[in-house]
Amino acid sequence: VQLQASGGGLVQAGDSLRLSCAASGRTFSSYLMGWFRQAPGKEREFVGRISRNGDSIYYTDSVKGRFTISRDNAKNTVYLQMNSLKPEDTAAYYCAAATSLSRVAGRYDYWGQGTLVTVSS
């Protein structure tokens, strides 16, 4: 499966953004989807993941209550709604597909190219 992330941009602290990740192919619904981010000079960080049908969603503590992951299998798309953005959310955001639930980047088989989110204070 090929993944294409979009929706990043420059926003101010407190603003919202919605990232999208469009997948090619007809097997999107068979993959669990995750979002990761990587800030300059830092390691890639797990943000959250969603199960195949969306009934199980998990977030890292730093984004709980602010970020929401959803998916539309009919549109082969997964979303990351980000509210109350903070400067520390500045990073390149990546979507990824896996065949099993995981928070570990190495368990994800396919990756999008990343979309940059910059939050100014």
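None of these values were measured; they are calculated from a predicted model.
Tracing side-chain contacts under 4.5 Å through hydrophobic residues (I, L, V, M, F, W, Y), one reaches Leu80 starting from Val117; they form part of the same cluster.
Arg49 and Ser56 form a side-chain donor-acceptor contact under 3.5 Å, judged by distance and modelled atom types alone.
Put simply, the side chain of Gln113 gets close to the backbone of Ala5: a donor and an acceptor are under 3.5 Å apart. Checking side-chain atoms of Arg37 against main-chain N and O of Thr90 turns up no donor-acceptor pair under 3.5 Å.
Within 6.0 Å of CZ on Arg103 lie no more than 12 heavy atoms contributed by other residues, nucleotides or ligands. Within a 6.0 Å sphere centred on CZ of Arg44, heavy atoms belonging to other residues, nucleotides or ligands number more than 12. Enclosure of atom NZ in Lys42 is not indicated, since only 12 or fewer non-hydrogen atoms of other residues, nucleotides or ligands lie within 6.0 angstrom.
Residue pairs meeting the side-chain hydrogen bond (donor to acceptor under 3.5 Å, both in side chains) criterion with at least one member in residues 6-21, sequence neighbours excluded: Ser16-Asn83. Every pair passing ring-ring contact (aromatic ring centres under 6.0 Å, His included) that includes a residue from residues 89-121 is listed here, sequence neighbours excluded: Tyr31-Tyr110, Phe36-Tyr108, Phe36-Trp111.
Among residues two or more places apart in sequence or in another chain, the side-chain contact (heavy atoms from CB on, under 4.5 Å) test is passed with Leu85 by Val11, Leu17, Phe67, Met82, Asp89, Val119.
Note: Met33 CE to Asn76 CG = 9.5 Å, rounded to the nearest 0.5 Å. Atom CZ of Arg52 and atom OG1 of Thr27 lie 11.0 Å apart (nearest 0.5 Å). Distance CD1/Ile69 to CD1/Ile57: 7.0 Å, rounded to 0.5 Å. Between atom CZ of residue Phe46 and atom OG of residue Ser62 there is a gap of 10.5 Å, rounded to the nearest 0.5 Å. For the atom pair OG1 (Thr77) and CD (Gln4), the distance works out to 11.0 Å, reported to the nearest 0.5 Å. Interatomic distance, OG of Ser29 versus CZ of Arg71, reported as 7.0 Å (0.5 Å rounding).
Heavy atoms only, all atoms of each residue included: Cys21 and Leu3 are closest at SG-CB, 3.9 Å. Considering all non-hydrogen atoms of both residues, Ala13 and Ser121 come closest at CB-CA, 4.3 Å. Between Val1 and Ala23, the shortest heavy-atom contact is CG2-CB, 3.7 Å.
When side chains are defined from C-beta on, Ile50 does not count as touching Trp35, because their heavy atoms never get closer than 4.5 Å.
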